[in-house]
Amino acid sequence: MTILEVLLLAVAGAAAGLLNAVAGGGTFLSLPALIYVGVSPVSANATATLTALPGYASSAWGFRHDVQSEGALSLKAIAGIGGIGSVLGALLLTITPGDTFLWVVPWLLLLSTFLFAFGPNILRKIQSGGAGKAGMAVSAASIFAVSIYGGYFNGGLGIMLLAAFGLIGYVNLHCMNGLKSILSAVVSLFSAVTFIASGLIAWEQALVMAASSAIGGYLGASMSRRIIKTNLMRQFVTVIGFTMTLVFLLH
C-alpha cells in the first residue's frame, strides 16, 4: 500500500468506528474505502465485517446486564440460530463472483441506508401495533433470515435485528439494544471466521482499519455522551449512505 492508501484506510476506519459508536452506519465508509484502495469487492466486504467485530463485542459487553429473553426463544437459541444463519450468509458471499457482488453492492447500500434512516419509525410502528409474542417457528425464521443477511452483508444489520425483535414480541428497548449488540457480535464473529477460513480477509488493510476503528470507537463512545441532537447525526449518516449508493450506481 502507498502512504496515501494507508492514510485513507486509517481515516475511514476511525470515522467508521466513531459512527458505529455514536449512531451506526460505519459500513458506509469502511466498505467503499477498502474497494477504493484496490481490495476486491467480496474481500472488502469480508474485511469490513472483521474490522467491525471489536466494536460489536465491546457494546455487547456493556449491555450484558440488560439482556433477557422476552419471546418464545431462549437467548442461547437466538445466538445459535444467528450463528448458523451467519455462516450460511458468509458461505453465500464466498461463492458470489466479484462482478456480481459489485452490482449488488449499491442495492444493499440503498436498502441498509433506507433502514438506517427510517428504522426508528418502523420500530415504533411495530411496537405500537401490539404485535404480541410470535411463536417459536416465526421467531426462529425471523432471526435466521436476518442473520443470513448479516453474514452476507453487514450494513444495516443492527436496525434489521431491532425490527425483527419488535416483530417477534420484544418491547424493552434496552433489552433489544443489548440483544442486538450481542447477536451482531455473534453474526460478525461466525461470518468473519468463515471469511478467514476462505482466505477472503485482506490482512494488511484490515490491520490498519481495525486499529484506527478501535481509536474512533473509543472517541465516539466519549462523544456520544455529549451529543444531544442525535437526529442530526442520523441525518448525516443517511446522507453518507445515499451518496455512497449513488457513487456505486454510477461506477
Side-chain angles (χ1 to χ4, degrees), residues 20 24-27 30-31 42 45-96 108 111-112 115-116 119 122-123 126-127 131 133-198 200-201 217:
N20 281 333
T27 303
S30 58
L31 178 62
V42 172
N45 185 58
T47 303
T49 298
L50 177 64
T51 57
L53 179 56
Y56 288 142
S58 61
S59 296
W61 178 256
F63 277 112
R64 65 191 184 281
H65 297 304
D66 298 308
V67 178
Q68 59 185 358
S69 178
E70 293 187 40
L73 297 173
S74 67
L75 298 179
K76 289 183 179 179
I78 290 175
I81 293 169
I84 295 171
S86 65
V87 170
L88 290 177
L91 289 174
L92 179 61
L93 179 68
T94 64
I95 62 175
T96 301
L108 292 174
L111 172 63
S112 57
L115 290 171
F116 184 86
I122 295 172
L123 185 59
I126 289 173
Q127 291 182 308
K133 288 182 171 60
M136 187 174 294
V138 173
S139 299
S142 300
I143 299 300
F144 187 62
V146 175
S147 299
I148 291 176
Y149 169 88
Y152 187 83
F153 186 71
N154 204 259
L157 174 60
I159 194 61
M160 290 188 74
L161 286 173
L162 286 177
F165 296 148
L167 281 172
I168 65 179
Y170 278 72
V171 294
N172 186 319
L173 189 57
H174 289 299
C175 175
M176 293 168 70
N177 274 322
L179 188 54
K180 175 205 70 176
S181 298
I182 291 175
L183 196 53
S184 293
V186 169
V187 168
S188 297
L189 174 61
F190 277 82
S191 55
V193 169
T194 305
F195 296 146
I196 291 171
S198 302
L200 287 179
I201 303 298

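Values in this document were obtained by computation on a predicted structure and should not be read as measured data.
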Given side-chain contact (heavy atoms from CB on, under 4.5 Å), test Ile143 with Leu183 step by step and report yes or no.
CA-CA 9 Å; Ile143 299 300; Leu183 196 53; 4.0 Å; yes
For Leu111 and Phe153, run side-chain contact (heavy atoms from CB on, under 4.5 Å): C-alpha distance rounded to whole Å, both residues' side-chain angles, the deciding distance at 0.1 Å, then the answer.
CA-CA 11 Å; Leu111 172 63; Phe153 186 71; over 6 Å; no
Audit row: Asn154, Ser188, side-chain contact (heavy atoms from CB on, under 4.5 Å) steps and yes/no
CA-CA 8 Å; Asn154 204 259; Ser188 297; 3.3 Å; yes
Show, in sequence, the C-alpha distance, side-chain angles and deciding distance for Phe195 and Thr49, and conclude whether the side-chain contact (heavy atoms from CB on, under 4.5 Å) test is met.
CA-CA 9 Å; Phe195 296 146; Thr49 298; 4.1 Å; yes
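Here the side chain of Thr94 pairs a donor or acceptor atom with the backbone of Leu91 at under 3.5 angstrom.
To the nearest 0.5 angstrom, Leu92 atom CG is 12.0 Å from Thr194 atom OG1. The CG atom of Leu189 sits 12.0 Å away from atom OG of Ser184, with the distance rounded to the nearest 0.5 Å.
Residues Thr47 and Leu200 come closest through the heavy atom pair OG1-O, 4.0 Å. Scanning both residues, Ala46 and Ile201, for their nearest heavy atoms gives O-CD1, 3.6 Å. When all heavy atoms of Leu53 and Ala185 are compared, the pair lying nearest together is CD1-O, 3.5 Å. Across all their heavy atoms, Gly150 and Leu157 have their closest contact at CA-CD1, 3.8 Å. Scanning both residues, Val146 and Ala164, for their nearest heavy atoms gives CG2-CB, 4.0 Å. Closest approach of Ser86 and Phe190 over heavy atoms only: OG-CB, 3.1 Å.
Under the 4.5 Å side-chain criterion, counting only non-hydrogen atoms from C-beta, Asn45 is not in contact with Tyr152.
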